[in-house]
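What follows is a short report on a single structure.
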Protein chains: 2
Amino acid sequence: MTLSALADPTRRAILARLATGEASVSELAEPFDMSLVAVSKHLKVLEKAGLISKGREAQWRPCRLEAKPLRQVDDWLESYRQFWNDNLDRLEAYATLLQQGGTDDRSK
Amino acid sequence: MTLSALADPTRRAILARLATGEASVSELAEPFDMSLVAVSKHLKVLEKAGLISKGREAQWRPCRLEAKPLRQVDDWLESYRQFWNDNLDRLEAYATLLQQGGTDDRSK
DNA sequence: CAGTTAATTAACTTTTTGGTTTAATAACGT
DNA sequence: ACGTTATTAAACCAAAAAGTTAATTAACTG
């Protein structure tokens, strides 16, 4: 669920903003060319994904970034991190093959 | 676009499979309880996101995992990686505050 | 208490996504 | 040339996502 919450650019921008510190819903909404209601919904998505939490301070709901799910994404990436080093090795190996007269197209 | 491609569990499973080596479309489709056409579409999404590339070998299109976009996700996470260490510090600081008689609820 | 500010809920619309089935394309095997 | 295998394209559908406006809730301010 984390990754689908992160799929939306507005939500990523909100997280980026929150990385600099807490902010209320209307503060978070301000930069965007959309209704406050829309932003409020984005926040709910982020909240359900555990990426933010909301406090209450009078009529404000100060939002705070929660790092746990991001850390999970990082963990998920772990397996591929290993892979992309391998991949570089393979590319190198392939480059060598080419020198020796390889034929199949692996452009891109 | 990478993150929305990664948002779907079927597509993540496909990537996991591809991390173990190349596979044709039908091989990739086999584990899933959905039509081959559906899987083919997922592959197109992954391809457009640059997460995989397809070769051609006779009537097969061997798919290969491409690490670049994943590395970009990793880079994107970088800013937050720093944050989640800070966050742990804050939690510690807060725990200390509680000991001293803090009042506001920050459960979860 | 009346009015204002902050945020959410409800009802609705539009677009995107994830799936289907039925063709079409392309390369192989006989 | 004909049938089979692998994959994609087209047309379609249902459900989810992303947005809207109008109404509601809640807490502050004078």
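So you know, we letter chains A, B, ... as the sequences are listed, proteins then strands, and number each from 1.
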Candidate pair Arg64(B) and Leu18(B), rule side-chain contact (heavy atoms from CB on, under 4.5 Å), full reasoning: CA-CA 6 Å; Arg64(B) 186 185 331 116; Leu18(B) 286 177; over 6 Å; no
Check against side-chain contact (heavy atoms from CB on, under 4.5 Å), Asp74(B) and Tyr80(A): CA-CA 10 Å; Asp74(B) 198 51; Tyr80(A) 299 98; over 6 Å; no
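Qualifying side-chain hydrogen bond (donor to acceptor under 3.5 Å, both in side chains) partners for Arg11(A), counting only residues two or more places apart in sequence or in other chains: His42(A). Here Lys41(B) pairs with nothing under the salt bridge (charged side-chain N to carboxylate O under 4.0 Å, His left out) rule; sequence neighbours left out. When the salt bridge (charged side-chain N to carboxylate O under 4.0 Å, His left out) test is applied to Asp8(A), no partner is found at least two apart in sequence or on another chain. Every residue two or more places apart in sequence or in another chain that forms a side chain to side chain contact (heavy atoms under 4.5 Å, CB included) with Ala13(B) is listed here: Phe32(B). Glu27(B) is linked by a salt bridge (charged side-chain N to carboxylate O under 4.0 Å, His left out) to nothing, counting only residues two or more places apart in sequence or in another chain. Taking the salt bridge (charged side-chain N to carboxylate O under 4.0 Å, His left out) definition, one finds that Glu30(B) meets it with nothing, sequence neighbours left out. In this structure, the side-chain hydrogen bond (donor to acceptor under 3.5 Å, both in side chains) partners of Glu78(A), at least two apart in sequence or on a different chain, are Arg81(A).
In this structure, CG on Leu3(A) lies 10.0 Å from CD on Gln72(A), to the nearest 0.5 angstrom. A distance of 11.0 Å separates OG of Ser4(A) from CG of Leu6(B), quoted to the nearest 0.5 Å. Separation of atoms SG (Cys63(B)) and CG (Leu51(B)) is listed at 12.0 Å; rounding is to 0.5 Å.
Within the 3.5 Å criterion, the main-chain N or O of Ala7(B) finds a donor-acceptor partner in the side chain of Arg12(B). For the pair Ser79(B) (side chain) and Trp76(B) (backbone), a donor-acceptor distance under 3.5 Å is present.
No more than 12 heavy atoms of other residues, nucleotides or ligands lie within 6.0 Å of CD in Glu57(A), so this atom counts as exposed by the packing criterion.
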B/S/- contact track for nucleotides 22-30 of chain C, protein heavy atom under 4.0 Å: B----SS--
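Using a 4.0 Å cutoff on non-hydrogen atoms, the parts of residues 27-36 of chain A near DNA chain D are Met34(A), Ser35(A), ordered by number. Taken residue by residue, residues 2-18 of chain A places no heavy atom nearer than 4.0 Å to DNA chain C. Shown for residues 38-45 of chain B: residues whose heavy atoms fall under 4.0 angstrom of DNA chain D, namely Ser40(B), Lys41(B), Lys44(B).
Overall, the helix from dC1(C)-dG30(D) to dT30(C)-dA1(D) carries an axis bend of 20° between its ends, with five pairs at each end and the value rounded to 10°.
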